[in-house]
Amino acid sequence: MKRPARLPGSDRNDKYARIYAVVRRIPKGRVATYGQVASLAGLPRQARLAGYALHALGDGPVPWHRVVGAGGLLALGRKRPDAAVTQRLRLEHEGVRFDGRGRVDMRAYAWSGARGRAAGR
DNA sequence: GCAATGACGCTCT
DNA sequence: CAGAGCGCCATTG
């Protein structure tokens, strides 16, 4: 499919919905980066939008805590340190280990985005 | 319609 | 390895 450039009807709702859909597909115990989610959502180069959507999401059925910044670094710590703590707690609760600097071990938890098969190698 | 900001990403120092 | 700066597109005022 060519990925409809612009779907009539909804605008941002549909765009955000895609991001939410991608985040929701992230398996437990795994994490994805904003760029990864944005790309899978059909918005390449728009990592900021992915985060923007998640921020607007606030509370919902979307495990936003599974979305981290590039390199496994918590992007929230930049301007929302309080939320970063919550995210870290939730990830640890799912079995994700953080290294001594509050970074996620992407080598082990980086989600490929592929369905079914995990990244592993 | 224009300007500023933003849960980011990558490169350079 | 760590820190800082610039660029990307979209949303909001």
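In what follows, chains carry the letters A, B, and so on, assigned in the order in which the sequence lines appear, proteins first and then strands, with residues in each chain numbered from 1. Reckoned from all heavy atoms, side chains included, excluding hydrogens, waters and symmetry mates.
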Original post:
In whole Å, what is the span from the CZ atom of A:R18 to the P atom of C:dC9?
Top reply: 18 Å
Subject >> Most 5' of A:A84 and A:G71 on DNA chain B, judged by nearest nucleotide >> reply: A:A84
Original post:
Given B:dC8, C:dA10, B:dG9, which nucleotide is nearest the side-chain atoms of A:A70?
Top reply: B:dG9
**OP:** Starting from P on B:dG6, measure out to CH2 on A:W64 and report it in whole angstrom.
**Re:** 18 Å
Subject >> For atom CG of A:D14 and atom P of C:dT11, their distance in whole Å >> reply: 11 Å
Original post:
Can you list every pair that meets salt bridge (Lys or Arg N to Asp or Glu O under 4.0 Å) and has a residue in residues 63-72 of chain A, with sequence neighbours left out?
Top reply: A:R66-A:E94
Acceptor/donor pairs from residues 84-93 of chain A side chains to any protein atom, 3.5 angstrom cut, sequence neighbours excluded:
residue : atom : partner : partner atom : Å
A:T86   : OG1  : A:D82   : O            : 3.4
A:Q87   : NE2  : A:H65   : O            : 2.8
A:Q87   : NE2  : A:V67   : O            : 2.7

Original post:
Roughly how far apart are A:L73 CG and A:F98 CZ, rounded to 0.5 Å?
Top reply: 10.0 Å
Original post:
Shortest non-hydrogen contact from A:Y109 to A:G29?
Top reply: CD2-O, 3.1 Å
Original post:
Could you give the OH-to-P distance, from A:Y16 to C:dC9, as a whole number of Å?
Top reply: 17 Å
Original post:
When the distance from CG of A:L49 to C1' of B:dG9 is rounded to whole Å, what number comes out?
Top reply: 13 Å
Original post:
Is any side-chain N or O of A:K79 closer than 4.0 Å to OP1 or OP2 of B:dC8?
Top reply: no
**OP:** Could you state the atom-to-atom distance from OH of A:Y52 to C1' of B:dT5 in whole Å?
**Re:** 7 Å
Subject >> Nearest-angstrom distance from the residue atom CG of A:L57 to P of C:dT11 >> reply: 16 Å
Original post:
For A:L57, what residues pass the side-chain contact (heavy atoms from CB on, under 4.5 Å) criterion, not counting sequence neighbours?
Top reply: A:Y20, A:V62
**OP:** Assign a letter to each nucleotide of nucleotides 2-8 of chain C from its 5' end: B, base within under 4.0 Å of a protein heavy atom; S, sugar-phosphate only; -, no contact.
**Re:** S----BB
Pairs of donor and acceptor atoms involving the side chains of residues 37-55 of chain A, under 3.5 Å and at least two apart or interchain, shall be tabulated with distances.
none

**OP:** Whole angstrom is fine here: how far is it from CD1 in A:I19 over to C1' in C:dC9?
**Re:** 11 Å
Subject >> Closest non-hydrogen atom pair, A:S112 against A:Q36 >> reply: O-NE2, 3.9 Å
